[in-house]
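Just so it is clear: chains get the letters A, B, ... in the order the sequence lines come, proteins before strands, and each one is counted from 1.
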There are 2 protein chains.
Amino acid sequence: MLLLVDVEGECVSEKTSKGQKTRERIEGVAWDLFAEKGFEKTTMREIAKEAGVSLGAAYHYFRSKDEMVMALYRRTQMTISADVADVCAEHLRLEDRLCAFLEHGLEVLEPHRELMIRLSSVIINPRSPLSPFGPQTHEIRRSALESVMVVLEGHDQGIHADLRPHLPRLFWLAWMGVLVYWTHDDSEGQRRTRALVNKVVPMAVQVLGLLSLPMVEPLRTGLLEVLRLGQP
Amino acid sequence: MLLLVDVEGECVSEKTSKGQKTRERIEGVAWDLFAEKGFEKTTMREIAKEAGVSLGAAYHYFRSKDEMVMALYRRTQMTISADVADVCAEHLRLEDRLCAFLEHGLEVLEPHRELMIRLSSVIINPRSPLSPFGPQTHEIRRSALESVMVVLEGHDQGIHADLRPHLPRLFWLAWMGVLVYWTHDDSEGQRRTRALVNKVVPMAVQVLGLLSLPMVEPLRTGLLEVLRLGQP
DNA sequence: GTCTATAACACGATAGAC
DNA sequence: GTCTATCGTGTTATAGAC
């Protein structure tokens, strides 16, 4: 059940409960230190020492410092994936489903906001293995897109068939944008982000409905062309 | 016109002409090596050796490898802010003005893409004084918005009066988005970014025109509410 | 097999002598 | 202003302990 899958899919499950416990301790210490003093400034030696293990032990559980952040990615993504059905189950309208999904995502990330802010410097770097657009995060991104697809199915909104296949990517990109805004939002509890999301999402859905009307066909085909250009 | 000029306005003027010459030589060598084999692959040892100085000497002139990037970046900033008005002078239609502005911006930044990628880590950090959204860059941002206003004035497109005051901020934000895409665009010469810009801008202007029609008043007021929420 | 510890490498960065 | 000597970093190799 607690299978941790690494980059190339090989299974690094901790057999003993002791090992599992050690791994989680290292993970927790790493996240705390990253949040406290940033990713670059935190040393592997410091993490190991704080977790009460040797440097070699830390490298036994995590092949690199990046791998520790990957663990955070996976953990949050797994939480979101697990909850996505429940979160959307009670909502029928697309805008409500999207809002619920986004708000739940923010809720999950809330305890790690400081960490995310410190990590944003690393994440934004296209060269970094931790880039959300890079190949190293492909599996996590795929999992995220699958979650989004669950949200985008089973609603009553009429959307043009040509547009539908692009919606998951588009919404995932919007989610990234929300996160950027969220890291910059210093309002209490980041309520401004939530207020904005709750305003923008219904409008976006409304626009999506308008874009599905027959009369705006030229505009729609233009948009489709843009969407095709955006990701090859 | 857009980003950052100087952190705390520190001036590292070289007293002697000899030192100045050495600094420029190191800078030039760094420039060449970065362009040749990328930022990460170039070592300080290599730069020093190529410039005919010791490693320590290189670190005397530049406190870090990043500092070299900063120096190269500052040099290009002057060029960018200069000719905003000229670029748009020959275009009347809004979409043409916007495209010309963006394409010129990308053109100026093109030789320094590596630099920008490096800097994006600093720029994205909300805590950084260099954040384009922070108070420390207020003057620069104001200046950037003024440049954008030049682009947005003197065209023949009919846009609703309520929308107009928000356009500079909105367009500036879009420019930031373009830069993020641009840093992630590994197509040859970043032609994908340009293709996307040239497709999106006319569509955006078209949508802007539609949003100015009397019939979509509810949608427009909703959008205005969002825009007001976005920046307190 | 699973886990841990020690030693060492290559690199970026720094201190302080000259 | 210049440079040497040294340090701290992520990472790897390897040997040993449970």
Side-chain angles (χ1 to χ4, degrees), chain A residues 2-8 10-27 29-31 33-34 36-72 118-119 121-122 125 127-130 136, chain B residues 11-27 29-30 33-34 37-72 114-115 118-119 121-122:
Chain A
L2 280 174
L3 293 190
L4 294 165
V5 178
D6 77 355
V7 192
E8 44 266 1
E10 95 186 71
C11 216
V12 203
S13 64
E14 243 56 60
K15 291 293 191 290
T16 69
S17 63
K18 183 189 171 189
Q20 177 67 21
K21 218 164 149 49
T22 306
R23 164 182 273 267
E24 280 175 3
R25 194 172 66 250
I26 295 172
E27 206 172 281
V29 166
W31 291 352
L33 287 176
F34 289 158
E36 189 183 328
K37 30 191 307 189
F39 180 76
E40 332 258 27
K41 291 295 193 70
T42 304
T43 71
M44 288 293 279
R45 287 166 175 82
E46 201 175 357
I47 293 170
K49 187 180 177 184
E50 193 78 14
V53 297
S54 73
L55 183 62
Y59 270 101
H60 168 75
Y61 290 102
F62 301 92
R63 283 200 293 242
S64 67
K65 213 162 85 164
D66 291 339
E67 198 80 4
M68 294 184 173
V69 178
M70 289 286 195
L72 171 73
R118 304 310 286 257
L119 280 179
S121 298
V122 185
N125 183 3
R127 306 269 206 277
S128 171
L130 297 175
Q136 283 93 336
Chain B
C11 197
V12 200
S13 62
E14 240 57 56
K15 296 290 190 292
T16 71
S17 64
K18 183 189 173 189
Q20 175 67 21
K21 216 163 150 52
T22 306
R23 164 183 274 266
E24 280 175 4
R25 193 172 67 250
I26 296 173
E27 206 172 285
V29 167
L33 287 176
F34 289 158
K37 36 191 305 188
F39 183 81
E40 334 261 358
K41 291 297 191 69
T42 305
T43 69
M44 287 293 277
R45 286 174 170 79
E46 202 173 357
I47 294 171
K49 186 180 176 183
E50 192 79 13
V53 297
S54 73
L55 184 62
Y59 274 105
H60 168 73
Y61 290 104
F62 302 93
R63 286 199 294 253
S64 66
K65 215 161 83 162
D66 290 343
E67 194 82 6
M68 291 184 171
V69 176
M70 284 293 196
L72 296 175
E114 192 66 33
L115 210 62
R118 187 67 183 175
L119 278 176
S121 297
V122 186

- [ ] Measure from the side-chain N and O atoms of A:Lys41 to the backbone N and O of A:Leu33, and report whether any donor-acceptor pair falls under 3.5 Å.
- [x] no
Task: Sidechain N-carboxylate O distance under 4.0 Å for A:Arg127, B:Glu114 - done: yes
Open item on the list: With a 4.0 Å limit, can you tell me whether A:Ser54 has a side-chain N or O closer than that to the phosphate oxygens OP1/OP2 of C:dA7?
Closed with: no
TODO: Mind calculating the distance between CZ (A:Phe62) and P (C:dT4) to the nearest angstrom?
DONE: 12 Å
Open item on the list: So that I can tick it off, tell me whether A:Glu36 and A:Arg118 are bridged by a salt bridge, with the cut-off set at under 4.0 angstrom between side-chain N and carboxylate O.
Closed with: no
TODO: Could you tell me whether a side-chain N or O of A:Trp31 sits under 3.5 Å from a main-chain N or O of A:Met68, the two making a donor and an acceptor?
DONE: yes
TODO: Classify every nucleotide of nucleotides 9-18 of chain D by which part a protein heavy atom approaches to under 4.0 Å, writing B for the base, S for the sugar-phosphate alone and - for neither, in 5'-to-3' order.
DONE: BBBB------
Task: Backbone of A:Met44 reached by a side-chain donor or acceptor of A:Lys49 within 3.5 Å - done: no
- [ ] Take the protein atom NE2 of A:His60 and the nucleotide atom C1' of C:dT2, then report the distance between them rounded to whole Å.
- [x] 6 Å
